[in-house]
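These notes are about the structure you will find just below.
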Protein chains: 2
Amino acid sequence: MDTSVICPRFESAISLLSQRWTGLIIYQLLSGPQRFSQLTEVIGISGRLLSERLKNLESNGLVIRTVHPETPVRVEYQLTEKGMSLKPVMDEIQNWSQHWVDLTETK
Amino acid sequence: MDTSVICPRFESAISLLSQRWTGLIIYQLLSGPQRFSQLTEVIGISGRLLSERLKNLESNGLVIRTVHPETPVRVEYQLTEKGMSLKPVMDEIQNWSQHWVDLTETK
DNA sequence: TATAATAGGTTACATAAAGTAACTAAAGAA
DNA sequence: TTCTTTAGTTACTTTATGTAACCTATTATA
C-alpha cells in the first residue's frame with residue numbers, strides 16, 4: 001500500500017516554488033509590476049526560460065500580463081492577489097537567509 | 001553595467017530551496033529524525049537523488065547523518081539547528097497552500 | 001560452510017529540463 | 001525603405017532527473 005503522507009496542498013505549493021527561477025521571479029515582482037526586459041536583467045534569466053516561467057505563473061493565477069501598445073511595445077507583469085499572498089513566505093526565506101547564510105562558504 | 005539587485009543571501013537561500021526534493025526532505029525531517037528508507041517511501045524519491053540531496057544538505061550544515069551499527073544497519077538523518085530554523089518558512093508555505101492551492105486544478 | 005535477507009546506498013543508461021545564442025515579429029522613426 | 005526597440009521564439013548543447021539493476025556489510029538461517 002502506498003499511503004501518501006505528505007499533504008498534497010503542501011506538495012503542490014512546494015513543487016511550484018521549487019521550480020528554478022520561480023521563487024526569484026515572485027520575489028522580484030513583490031516590489032511592483034515589471035517589464036520582461038527588467039526581469040531578465042535583474043534576475044539573470046534567459047528570455048526563453050523567463051517566458052516559460054511567466055506563462056506558467058499566469059496559468060496558475062499568480063501573475064497578470066498587460067500589454068501596453070506603445071512604441072516599442074511595453075509588456076508588464078504583476079502579481080495577482082494569489083501571487084502577493086506569497087509575501088510572508090518570501091519574508092521568512094529572507095529572514096532565514098539573514099541569520100544563516102554565510103556568503104563566504106564555498107558553493 | 002550589471003548591478004545585481006537581488007540580495008545575495010536571499011538568492012543563496014532560494015537556490016537551495018528551489019532544488020527539486022530539498023524542500024520536501026526538510027519538511028519531512030521537521031517531524032523528527034528519519035531513516036533513509038523512510039524518506040524514500042514517504043517522499044517518493046529515488047535512492048540516487050535522495051542520497052545526493054542528503055549529502056548536499058549535510059555539507060550545508062542542515063542535516064546530520066547518524067549510523068547505528070545494528071543489523072541490518074540503521075542510518076538516521078536529522079535536522080541541525082540551522083535546518084530546524086526553516087520551520088517558519090515551511091509553515092508559511094503550508095499556510096499559503098491551505099488558502100490558495102486548489103487540488104482540482106489540472107496540472 | 002554456504003545461502004539468504006535486509007538496509008543503504010551506487011552505477012549505468014534514458015529522458016527531461018535548463019543554458020546559450022541567433023533569429024523573428026510588430027510598429028513607429030529616420 | 002531601412003533602422004530601432006521590446007518581447008519574445010527556435011535550434012542546439014549541456015546538465016539534471018528518472019529508472020532499474022547492481023553492490024556491500026552484517027547477521028541469521030539451512
Side-chain angles (χ1 to χ4, degrees), chain A residues 1-2 4 6 11-12 14-29 32-60 62-79 107, chain B residues 1-2 4 6 11-12 14-29 32-60 62-79 107:
Chain A
M1 65 183 152
D2 181 9
S4 172
I6 291 181
E11 214 170 334
S12 169
I14 205 136
S15 91
L16 184 87
L17 292 175
S18 70
Q19 251 198 123
R20 196 161 196 185
W21 302 113
T22 299
L24 276 183
I25 293 168
I26 292 168
Y27 174 80
Q28 188 57 28
L29 288 178
Q34 278 165 73
R35 321 174 52 162
F36 190 88
S37 53
Q38 275 183 286
L39 289 170
T40 60
E41 280 160 34
V42 173
I43 296 177
I45 184 180
S46 70
R48 185 175 99 51
L49 279 187
L50 180 59
S51 172
E52 193 176 304
R53 289 296 183 275
L54 286 170
K55 278 180 187 165
N56 187 246
L57 288 170
E58 211 189 341
S59 79
N60 276 292
L62 290 158
V63 160
I64 287 173
R65 178 178 182 269
T66 314
V67 179
H68 302 269
E70 308 164 355
T71 283
V73 68
R74 184 164 58 89
V75 179
E76 274 197 335
Y77 292 89
Q78 63 183 302
L79 294 177
K107 283 287 188 61
Chain B
M1 64 179 149
D2 182 9
S4 172
I6 291 182
E11 213 169 334
S12 169
I14 205 135
S15 90
L16 183 87
L17 293 174
S18 70
Q19 253 198 122
R20 194 161 198 186
W21 301 114
T22 299
L24 277 182
I25 293 168
I26 292 167
Y27 174 80
Q28 189 57 28
L29 288 179
Q34 278 165 74
R35 318 172 57 159
F36 190 89
S37 53
Q38 276 183 286
L39 289 170
T40 60
E41 280 160 33
V42 173
I43 296 177
I45 185 180
S46 71
R48 185 174 100 50
L49 280 187
L50 180 58
S51 173
E52 193 177 304
R53 289 298 184 274
L54 286 171
K55 278 181 187 165
N56 187 245
L57 289 171
E58 210 187 343
S59 79
N60 277 291
L62 291 157
V63 160
I64 287 173
R65 177 178 185 270
T66 314
V67 179
H68 302 269
E70 306 165 357
T71 283
V73 66
R74 184 165 58 91
V75 179
E76 276 197 332
Y77 293 89
Q78 63 183 302
L79 294 177
K107 280 288 187 58

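Quick note on labels: first sequence line is chain A, next is B, and so on, each numbered from 1.
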Given [N], is OP1 or OP2 found less than 4.0 Å from the side-chain N or O atoms of [X]?
{"X": "B:Arg53", "N": "D:dT17", "result": "yes"}
{"X": "B:Ser46", "N": "D:dT19", "result": "no"}
{"X": "B:Arg20", "N": "C:dA18", "result": "no"}
{"X": "A:Trp21", "N": "C:dG19", "result": "yes"}
{"X": "A:Ser37", "N": "D:dA7", "result": "yes"}
{"X": "B:Lys55", "N": "C:dG8", "result": "no"}
{"X": "A:Arg35", "N": "D:dA7", "result": "yes"}
{"X": "A:Tyr77", "N": "D:dG8", "result": "yes"}
{"X": "B:Arg48", "N": "D:dA20", "result": "no"}

Tell me the interatomic distance from [X], atom [atom1], to [N], atom [atom2], rounded to whole angstroms.
{"X": "A:Leu54", "N": "D:dT9", "atom1": "CG", "atom2": "P", "answer": "10 Å"}
{"X": "A:Glu52", "N": "D:dG8", "atom1": "CD", "atom2": "P", "answer": "14 Å"}
{"X": "A:Ile45", "N": "D:dA7", "atom1": "CD1", "atom2": "P", "answer": "15 Å"}

| request: Find which nucleotide of DNA chain C each of A:Glu70 and B:Arg74 is nearest to by heavy atoms, and output the residue with the more 5' nucleotide. | output: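 Nearer the 5' end of the strand: B:Arg74.
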